[in-house]
Amino acid sequence: MGLKKCPIIRTPNYRELYLRTPMMMHSLDLNGRIIAVSDFWLETLGYLTEEVLGHKLTDFFTEESRQLAEKTVLPKFFEVGSVRDVPYQMVKKDGSLIDVLISACSECDEQGGIICSLAGVVDVTELKKAEAEAMRLAHYDTLTGQPNRFLLQDRLGHALEHAHREGETVGVLFIDLDHFKWVNDTLGHAFGDQLLKMVAGRLQNCARKGDTVARLGGDEFVVVLCDSNSQEDPSHFAKRFLDALAQPIHLEGKEIHNSGSIGIAIYPMDGRDVDTLLRNADIAMYAAKESGRNNYQFYSSEMNALSIDKMNMESNLRRALKNEEFFLEFQPQLDLSGAGIVGFEALIRWQDPVAGRIMPKDFIPLAEESGLICQIGEWVLRTACRQAQDWRKSGQPPVRIAVNVSGKQFRQHDFMDMLEEVLNDTGFNASDLEIELTESVVMDNIEGSVGTLTDLKMRDIHLAIDDFGTGHSSLTYLKHFPFDRLKIAQEFVRDIPDDPEDMAIVQAIVAMAKSLKLGVIAEGVENKAQLDFLRSRRCNEMQGFYFSPPLPADILAERFEDGWLQRRLCPFSGWRRGPDAVAVSN
Ligand code: C2E
Ligand code: MG
Ligand code: MG
C-alpha cells in the first residue's frame with residue numbers, strides 16, 4: 001500500500017459520473033462516516049440513501065472486517081495517499097455477505113489538507129467462490145471429496161512440524177483395498193466408484209477430528225494420525241479401519257465383501273519427512289499384501305532392504321534384456337495315445353553373470369510389476385518361433401510350440417500387431433503356435449479379452465488355459481471362448497495317487513473338457529502312478545519330469561537325432577541312462 005498524492009475531484013460532471021456509473025463508490029468524512037455513495041453501491045447492498053448517509057462505513061462490514069479495518073487500514077485512508085484492493089466482507093441489507101476489494105484515496109483542499117476519502121468498491125464474491133472451487137478441485141479428490149495427494153503432503157508436512165516442536169509422533173497409514181481391480185473389471189467402473197465413495201466414508205468415520213483421510217488415487221488411501229503417542233496407537237486404528245472395511249457393502253442389490261491391507265510408518269522412527277514416511281508406509285503395505293492381505297504391518301528397515309533388492313533386480317532385468325542373458329528351455333508335451341511328442345512348452349531362464357541361473361518364479365512377477373514383461377514376452381515369443389522354425393528347416397516334422405503370455409502383455413493394445421510381426425519375421429506357422437494364458441488373465445477382464453482371443457483364433461493360433469483349476473473360471477465363458485486346451489494345474493497332479501480329492505478334481509476337469517470338446521493336458525507328471533491314473537481317466541496329453549525336464553535347444557538337437565520327433569518316440573525319465581525313448585502305443 002504505497003502512499004502518494006492523489007488528484008482532487010470537484011467538477012459537477014464528476015459528481016454525475018460518481019452517482020450514475022455502474023460502480024460501487026463511497027466517500028467518507030474524517031470520522032469514517034459515509035457522506036456520499038453511488039447508486040450502484042446502494043443497489044448492490046440493498047439500502048436506501050438515508051439508511052447509509054451519516055453511518056460509519058464499518059457498520060456495513062462483518063465484525064471481522066470491521067476490526068481489521070479499524071486497526072490497520074482505515075487510518076491510512078486519511079493519510080495523504082491511497083490504498084489498493086483491500087479485501088473486506090460487507091453485509092447486505094438482507095443479511096447476506098459479499099466479498100469486496102476496496103481501493104481508496106484521500107481528497108484534499110487547496111492547502112493540501114485532507115477533507116475526505118473517496119473509494120471504489122469491487123464486488124468479488126463470484127470470483128472468490130470460483131477461487132474456492134479451484135482450491136477445492138486442486139486439493140480434494142473429486143470422487144470422494146477427501147483431501148488429495150497435494151493436500152495430504154501439505155497437511156502431513158504441518159503435522160510433522162508440529163510433532164517436531166512438541167516432541168510427538170505422527171502415524172502414517174497407507175491403505176490399499178484388496179481385489180478392487182476385480183470389482184472394477186467385473187462389476188464396472190461406475191460400481192467401483194460407488195464402492196470407493198463408501199470406503200472413503202467408512203475410513204473418515206473411523207478417524208478422529210483432526211486426522212486426515214486422503215485418497216491418493218485408485219484404491220489407495222492414506223490416513224495421517226496426529227499425536228499418536230505410542231506404537232500401539234496406530235495399530236489400534238489400523239484394526240478399526242480393517243474392521244470397517246470388512247463390513248459387507250450393499251450396492252445396487254449386490255453384497256460385496258471387501259478387505260484392505262495397511263502399512264504403517266511412524267514419525268520420527270520410520271522417516272522424518274513427508275516423502276520418506278509415505279514411501280515406507282507404502283512398502284509396509286506391500287508387506288501386508290504379501291502376508292495374505294486383510295492385515296496391517298509396521299514398517300521395518302528390512303522391508304526397505306527388500307525393496308532396494310527389487311529396484312536392483314529391475315535394473316538387472318533391463319540389463320539382462322540388453323545383454324541377452326535370457327534363454328529358453330523347451331519341455332516336451334506328449335500324446336500317449338500314440339502321437340508321441342506333439343509339442344513343446346517354451347520356458348524362460350535367466351543366466352545372471354553373478355547370481356547364476358534364475359528361474360521364472362523369481363523374476364517374472366517383478367517383470368510384470370515393472371512392465372518389462374512386455375519386452376521380455378516379445379523376446380520369448382520371437383526366440384521360440386525362430387527356434388521351432390529352425391527345427392523345421394532342419395527336416396523335423398512340425399510340432400506345436402506353447403508360449404506363456406502374461407496378463408500385462410496380453411492386454412497391450414498392440415499385442416496382435418507384435419504377434420503378426422514375429423510370425424512374419426520368423427516364418428513360423430501360426431497354426432503351430434499355442435498361447436498359454438492363466439484363468440485370471442482372461443476372467444479378470446472378460447470384455448477386454450474377447451477381442452484379442454477372437455483375433456488369435458482367426459489367425460488359427462491355439463489357445464490354452466494354463467494352471468487350470470487354480471483360479472476362478474466361469475463355465476459359461478469357457479463354453480463361448482475359443483479355447484483349444486485346458487492345462488490341469490500341477491498342484492492337482494502332484495498328490496496323485498494319495499489325495500482322493502485331487503483325483504476327483506482331475507477327473508472332473510477331464511470330463512468337463514471332453515464335454516466342452518476341449519483338449520486337456522496334465523502338467524507336472526512325475527511318476528508312473530500319475531500317468532496310469534491320468535490315462536485311466538482318458539487324459540492322454542501330459543507334460544512333466546517323468547517324460548523330460550525342460551531342455552535347452554542344443555540338448556534337444558541331440559534328442560532329435562535320436563528320433564524323438566521323427567519316430568514318434570515317447571521319452572521317459574530314464575532317458576539319460578538306458579535307451580532314450582520308448583515307443584508308446586495304445
Ligand atoms: P507353467 O507355465 O505352468 O510352466 C510349468 C512349470 O512347471 C515350469 O516351471 C516347468 O519347469 C515346471 N514343471 C514341468 N514339469 C514338472 C514336473 O514334473 N514337476 C514339477 N514340480 N514341475 C514341473 P518353470 O520353468 O520354473 O516356470 C514356472 C512358471 O513361470 C511357468 O509356469 C509360467 O507361469 C512362468 N513362465 C515361464 N516362462 C515364462 C515366459 O516365457 N513368460 C511368462 N509370462 N511366464 C513364464
Ligand atoms: Mg505354462
Ligand atoms: Mg502351468
Side-chain angles (χ1 to χ4, degrees), residues 317 320-321 325-334 341 343-351 357-388 400-412 415 418-419 422 433-442 462-471 473 483-496 502 506 509 519-531 534 541-552 571-573 575:
L317 274 175
L321 256 175
E325 292 167 16
F326 294 119
F327 68 97
L328 292 184
E329 287 191 331
F330 298 86
Q331 186 174 34
Q333 299 181 323
L334 290 103
I341 296 176
F344 289 93
E345 178 174 5
L347 295 156
I348 191 169
R349 277 86 184 87
W350 173 12
Q351 193 64 35
R357 178 173 297 200
I358 305 178
M359 296 304 275
K361 75 171 179 13
D362 296 319
F363 67 88
I364 292 285
L366 186 70
E368 281 178 353
E369 213 177 285
S370 63
L372 276 171
I373 192 67
C374 298
Q375 283 161 271
I376 295 176
E378 179 176 348
W379 179 88
V380 171
L381 200 64
R382 190 173 288 278
T383 311
C385 291
R386 192 185 299 127
Q387 181 61 69
R400 191 173 72 213
I401 291 291
V403 175
N404 294 283
V405 169
S406 93
K408 217 173 214 163
Q409 190 188 0
F410 181 69
R411 282 190 285 272
Q412 288 275 300
F415 175 70
M418 182 273 290
L419 199 59
V422 168
L433 178 64
E434 180 157 281
I435 298 289
E436 289 193 9
L437 297 166
T438 57
E439 285 167 284
S440 58
V441 170
V442 181
H462 293 241
L463 288 167
I465 303 190
D466 204 354
D467 303 336
F468 187 80
T470 53
S473 280
F483 290 111
D484 298 276
R485 205 176 320 282
L486 303 183
K487 297 192 75 180
I488 304 175
Q490 246 177 62
E491 64 177 79
F492 300 118
V493 176
R494 188 183 307 129
D495 295 328
I496 295 173
D502 283 353
V506 169
I509 296 176
V520 60
I521 178 167
E523 296 186 86
V525 178
E526 292 184 347
N527 56 51
K528 176 112 174 28
Q530 293 166 346
L531 180 152
L534 289 162
E541 281 203 37
M542 297 180 209
Q543 172 182 349
F545 294 163
Y546 187 59
F547 311 103
S548 165
L551 296 171
F572 282 94
S573 54
W575 65 270

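The shown structure was predicted, so the numbers you read here are calculated from the model rather than taken from an experiment. Each ligand, and each atom within it, is numbered from 1 in the order the structure gives.
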Non-hydrogen atoms of [X] versus ligand 1: any pair closer than 4.0 Å?
X      : result
Pro550 : yes
Lys361 : no
Glu329 : no

Could you identify the single nearest non-hydrogen protein atom to [atom] and state the distance to 0.1 Å?
atom                    : result
atom 5 (C) of ligand 1  : Glu523 OE1, 3.7 Å
atom 32 (O) of ligand 1 : Asp466 OD2, 4.6 Å
atom 30 (O) of ligand 1 : Pro360 CB, 3.4 Å
atom 38 (N) of ligand 1 : Ile348 N, 3.2 Å
atom 31 (C) of ligand 1 : Leu347 CD2, 4.2 Å
atom 21 (N) of ligand 1 : Glu526 OE2, 3.0 Å

Inset, instruction - May I ask which of Met359, Glu436, Gln490 has a heavy atom nearer to atom 13 (N) of ligand 1 than the others do? - result: Gln490
Inset, instruction - Kindly identify the option in Phe545, Tyr546, Phe547 whose heavy atom sits closest to atom 18 (O) of ligand 1. - result: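 Residue with the shortest heavy-atom distance to the ligand atom: Phe545.
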Under 4.0 Å from a heavy atom of [X]: give me the atoms of ligand 1 that qualify, with their elements.
X      : value
Val380 : 41 (O)
Val525 : 18 (O)
Ser406 : 44 (N)

If we set the cut-off at 4.0 Å for heavy atoms, which region of [X] has an atom near ligand 1: side chain, backbone, both, or neither?
X      : answer
Arg349 : side chain
Arg494 : neither
Thr438 : neither
Gln331 : side chain
Asn404 : both
Leu328 : neither

Please report the interatomic distance [atom1]([X]) to [atom2]([Y]), rounded to the nearest 0.5 Å.
X      : Y      : atom1 : atom2 : answer
Asn527 : Arg494 : CG    : CZ    : 12.5 Å
Asp466 : Arg485 : CG    : CZ    : 12.0 Å
Glu378 : Gln375 : CD    : CD    : 8.0 Å
Glu368 : Lys408 : CD    : NZ    : 8.0 Å

Flag the pair [X] / [Y] as yes when at least one side-chain heavy-atom distance between them is below 4.5 Å, and no otherwise.
X      : Y      : value
Leu534 : Leu531 : no
Phe547 : Met542 : yes
Met418 : Leu381 : yes
Glu523 : Asp467 : yes
Gln333 : Ile521 : yes
Arg357 : Phe327 : yes
Pro550 : Phe545 : yes

Legend entry - For the Mg ion (ligand 2), the closest N/O/S atom belonging to Glu345: OE2
Legend entry - Derivation of the side-chain contact (heavy atoms from CB on, under 4.5 Å) call for Trp379 and Leu328: CA-CA 10 Å; Trp379 179 88; Leu328 292 184; 3.8 Å; yes
Inset, instruction - Give a yes or no on whether the backbone of Val525 and the side-chain of Gln530 come within a donor-acceptor separation of less than 3.5 Å. - result: no
Inset, instruction - Give yes or no for whether the N/O distance cutoff of 3.5 Å, strictly under, is met between Glu345 and ligand 1. - result: yes
Legend entry - Check: Phe363 ring centroid to Phe326 ring centroid under 6.0 Å: yes
Legend entry - the Mg ion (ligand 3): protein N, O or S atoms [distance under 2.8 Å]: Asp466 OD1, Asp467 OD1, Glu523 OE1, Glu523 OE2
Legend entry - Intermediate values then yes/no, side-chain contact (heavy atoms from CB on, under 4.5 Å), Leu321 and Leu372: CA-CA 9 Å; Leu321 256 175; Leu372 276 171; 4.3 Å; yes
Could you go through residues 344-351 and list every donor-acceptor pair under 3.5 Å that involves a side-chain atom there, pairing it with any protein atom two or more places apart or in another chain?
residue, atom, partner, partner atom, Å
Glu345, OE1, Lys487, NZ, 2.8
Glu345, OE1, Gln543, NE2, 2.7
Glu345, OE2, Asn404, ND2, 2.8
Arg349, NE, Glu329, OE1, 2.7
Trp350, NE1, Glu325, OE1, 3.0

Legend entry - Which atom of Glu436 lies closest to which atom of Ala402, heavy atoms considered: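 Looks like OE2-CB, 3.4 Å.
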